[in-house]
Amino acid sequence: MSGSALSIAEHHCRRCGTCCRWEGDVCLTQADVRAISAYLHMTEEDFINTYCRLQRNRQGLSLMDAVDGACCMLREDNTCTIQPVKPQQCRDFPQRWNFPGWEQRCPAARKGGATC
Ligand code: SF4
Ligand code: SF4
(Lines give C-alpha, C1' and ligand atoms only; values in the text may rest on other atoms or scores of the structure.)
(Ligands and ions follow the chains in the order given, each with its own letter.)
Protein backbone atom coordinates (compact mmCIF):
# COMPACT_ATOMS: atom_id res chain seq x y z
CA MET A 1 0.00 0.00 0.00
CA SER A 2 1.23 3.46 -0.75
CA GLY A 3 0.09 7.02 -1.36
CA SER A 4 1.56 10.40 -1.98
CA ALA A 5 3.01 12.04 1.11
CA LEU A 6 1.48 15.36 0.09
CA SER A 7 -2.04 13.94 -0.10
CA ILE A 8 -1.71 12.27 3.28
CA ALA A 9 -0.24 15.36 4.92
CA GLU A 10 -3.20 17.38 3.66
CA HIS A 11 -5.79 14.79 4.61
CA HIS A 12 -8.65 16.03 6.75
CA CYS A 13 -11.38 13.45 7.24
CA ARG A 14 -14.84 14.74 6.38
CA ARG A 15 -16.57 11.90 8.18
CA CYS A 16 -18.42 11.12 4.98
CA GLY A 17 -18.48 7.39 5.69
CA THR A 18 -17.36 6.48 2.19
CA CYS A 19 -14.44 4.35 3.37
CA CYS A 20 -16.79 2.51 5.74
CA ARG A 21 -18.78 1.44 2.67
CA TRP A 22 -15.87 0.17 0.62
CA GLU A 23 -15.82 -3.49 -0.29
CA GLY A 24 -13.52 -5.76 1.70
CA ASP A 25 -12.77 -6.62 5.28
CA VAL A 26 -12.68 -4.47 8.40
CA CYS A 27 -9.97 -6.58 10.00
CA LEU A 28 -9.88 -7.08 13.75
CA THR A 29 -6.84 -7.72 15.88
CA GLN A 30 -7.15 -9.52 19.20
CA ALA A 31 -6.73 -6.15 20.90
CA ASP A 32 -9.58 -4.76 18.78
CA VAL A 33 -11.86 -7.61 19.83
CA ARG A 34 -10.97 -7.07 23.46
CA ALA A 35 -11.55 -3.31 23.36
CA ILE A 36 -14.73 -3.35 21.28
CA SER A 37 -16.43 -6.10 23.24
CA ALA A 38 -15.64 -4.28 26.50
CA TYR A 39 -16.96 -1.01 25.03
CA LEU A 40 -20.19 -2.75 24.03
CA HIS A 41 -20.43 -4.50 27.43
CA MET A 42 -20.38 -7.88 25.76
CA THR A 43 -18.28 -10.95 26.26
CA GLU A 44 -15.72 -11.46 23.50
CA GLU A 45 -17.55 -14.62 22.48
CA ASP A 46 -20.89 -12.81 22.19
CA PHE A 47 -19.29 -9.95 20.27
CA ILE A 48 -17.68 -12.35 17.81
CA ASN A 49 -20.89 -14.32 17.36
CA THR A 50 -22.97 -11.18 16.87
CA TYR A 51 -20.78 -8.79 14.86
CA CYS A 52 -17.93 -10.74 13.30
CA ARG A 53 -17.31 -12.95 10.30
CA LEU A 54 -14.22 -14.54 8.81
CA GLN A 55 -12.03 -12.37 6.60
CA ARG A 56 -12.31 -13.29 2.94
CA ASN A 57 -8.90 -14.97 3.09
CA ARG A 58 -10.07 -16.82 6.22
CA GLN A 59 -6.96 -15.66 8.09
CA GLY A 60 -8.76 -13.73 10.81
CA LEU A 61 -11.89 -11.89 11.86
CA SER A 62 -13.65 -8.95 10.23
CA LEU A 63 -16.61 -6.89 11.27
CA MET A 64 -19.74 -8.05 9.49
CA ASP A 65 -21.27 -6.23 6.55
CA ALA A 66 -24.67 -4.58 6.75
CA VAL A 67 -27.28 -5.50 4.15
CA ASP A 68 -26.09 -2.66 1.91
CA GLY A 69 -22.46 -3.78 2.17
CA ALA A 70 -21.34 -1.09 4.60
CA CYS A 71 -19.58 -1.93 7.84
CA CYS A 72 -22.14 -3.07 10.40
CA MET A 73 -20.93 -0.37 12.81
CA LEU A 74 -21.73 2.52 10.47
CA ARG A 75 -24.77 4.54 11.50
CA GLU A 76 -27.15 6.24 9.07
CA ASP A 77 -25.60 9.62 9.91
CA ASN A 78 -22.16 8.25 8.90
CA THR A 79 -20.86 8.13 12.45
CA CYS A 80 -19.21 5.05 13.85
CA THR A 81 -20.96 3.19 16.66
CA ILE A 82 -17.61 2.24 18.14
CA GLN A 83 -15.67 5.42 17.32
CA PRO A 84 -13.60 5.52 20.59
CA VAL A 85 -12.43 1.93 20.04
CA LYS A 86 -12.70 1.52 16.28
CA PRO A 87 -10.31 -1.07 14.81
CA GLN A 88 -6.66 -0.26 14.20
CA GLN A 89 -7.27 -0.62 10.47
CA CYS A 90 -9.79 2.23 10.62
CA ARG A 91 -7.55 4.42 12.76
CA ASP A 92 -4.60 3.94 10.44
CA PHE A 93 -6.25 4.95 7.14
CA PRO A 94 -4.89 6.74 5.16
CA GLN A 95 -1.74 7.77 7.00
CA ARG A 96 -0.43 4.27 7.69
CA TRP A 97 -2.02 2.31 4.90
CA ASN A 98 -3.81 3.12 1.69
CA PHE A 99 -3.85 1.89 -1.87
CA PRO A 100 -3.24 3.27 -5.34
CA GLY A 101 -6.11 5.55 -6.27
CA TRP A 102 -7.39 6.13 -2.74
CA GLU A 103 -7.28 9.89 -3.31
CA GLN A 104 -9.98 9.53 -5.95
CA ARG A 105 -12.27 7.72 -3.51
CA CYS A 106 -11.72 9.80 -0.38
CA PRO A 107 -13.30 13.28 -0.65
CA ALA A 108 -10.97 14.82 1.91
CA ALA A 109 -7.92 13.97 -0.17
CA ARG A 110 -9.18 15.89 -3.18
CA LYS A 111 -8.00 19.40 -3.78
CA GLY A 112 -10.03 21.82 -1.71
CA GLY A 113 -11.26 19.20 0.75
CA ALA A 114 -12.67 20.86 3.85
CA THR A 115 -11.71 20.02 7.39
CA CYS A 116 -14.28 18.62 9.78
S1 SF4 B 1 -13.55 8.44 2.77
FE2 SF4 B 1 -11.99 9.88 3.53
S3 SF4 B 1 -13.15 11.68 4.21
FE4 SF4 B 1 -14.62 9.99 4.02
S5 SF4 B 1 -14.72 9.10 6.11
FE6 SF4 B 1 -13.16 7.96 4.94
S7 SF4 B 1 -11.19 8.95 5.43
FE8 SF4 B 1 -12.84 10.38 6.01
S1 SF4 C 1 -15.59 0.29 12.52
FE2 SF4 C 1 -16.36 2.35 12.34
S3 SF4 C 1 -14.72 3.48 11.29
FE4 SF4 C 1 -14.33 1.29 10.97
S5 SF4 C 1 -15.31 0.78 9.01
FE6 SF4 C 1 -16.78 0.36 10.65
S7 SF4 C 1 -18.03 2.23 10.83
FE8 SF4 C 1 -16.14 2.75 9.70
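Every number for a ligand or one of its atoms is a count from 1 in the order of the listing.
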**Q.** Derivation and outcome, side-chain contact (heavy atoms from CB on, under 4.5 Å), residues Arg53 and Asp65
**A.** CA-CA 9 Å; Arg53 62 165 172 76; Asp65 309 301; 3.1 Å; yes
**Q.** Worked check of side-chain contact (heavy atoms from CB on, under 4.5 Å) between Asp32 and Arg91
**A.** CA-CA 11 Å; Asp32 290 330; Arg91 281 181 272 142; 3.7 Å; yes
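Near Cys16, meaning under 4.0 Å from any of its heavy atoms, are these atoms of ligand 1: 1 (S), 3 (S), 4 (Fe), 5 (S). The Lys86 neighbourhood of ligand 2 comprises atoms 3 (S), with distances under 4.0 Å to a heavy atom of that residue. The atoms of ligand 2 that sit less than 4.0 Å from any heavy atom of Leu74 are 7 (S). Within ligand 2, the atoms closer than 4.0 Å to a non-hydrogen atom of Pro87 are 1 (S), numbered from 1 in the order shown. Residue Cys71 approaches ligand 2 through these ligand atoms, each under 4.0 Å from one of its heavy atoms: 1 (S), 5 (S), 6 (Fe), 7 (S). Remark: ligand 1 atoms within the under-4.0 Å shell around heavy atoms of Thr18 are 1 (S).
Cys20 SG, 2.3 Å is the protein heavy atom nearest to atom 8 (Fe) of ligand 2. Of the protein's heavy atoms, Arg14 N, 3.2 Å lies nearest to atom 3 (S) of ligand 1. In this structure, atom 6 (Fe) of ligand 1 lies nearest to the protein heavy atom Cys19 SG, 2.4 Å. For atom 4 (Fe) of ligand 2, the nearest protein heavy atom (residue, atom name, distance) is Cys90 SG, 2.3 Å.
Here the shortest heavy-atom distance to atom 2 (Fe) of ligand 1, taken over Cys106, Ala109, Ala108, belongs to Cys106.
When every heavy atom of Leu28 is checked against every heavy atom of Ile36, the shortest pair comes out as CD2-CD1, 3.9 Å. Between Pro107 and Arg105, the shortest heavy-atom distance links the atoms CD-O, 3.6 Å.
Under the 4.5 Å side-chain heavy-atom criterion for ILVMFWY residues, a single connected hydrophobic cluster contains both Val85 and Ile48. Note on Met73: it does not cluster hydrophobically with Trp22, by side-chain heavy-atom contacts below 4.5 Å among ILVMFWY residues. Grouping the Ile, Leu, Val, Met, Phe, Trp and Tyr side chains by contacts below 4.5 angstrom, directly or via other members, places Leu61 apart from Met64.
In this structure, CE on Met42 lies 8.5 Å from CG on Asn49, to the nearest 0.5 angstrom.
Counting heavy atoms closer than 4.0 Å to ligand 2, residue Leu63 contributes side-chain atoms (C-beta onward) but none from N, CA, C or O.
Around the CZ atom of Phe47, the shell of radius 6.0 Å holds more than 12 heavy atoms that belong to other residues, nucleotides or ligands.
With a cut-off of 2.8 Å, atom 8 (Fe) of ligand 2 has no N, O or S atom of Cys80 in range.
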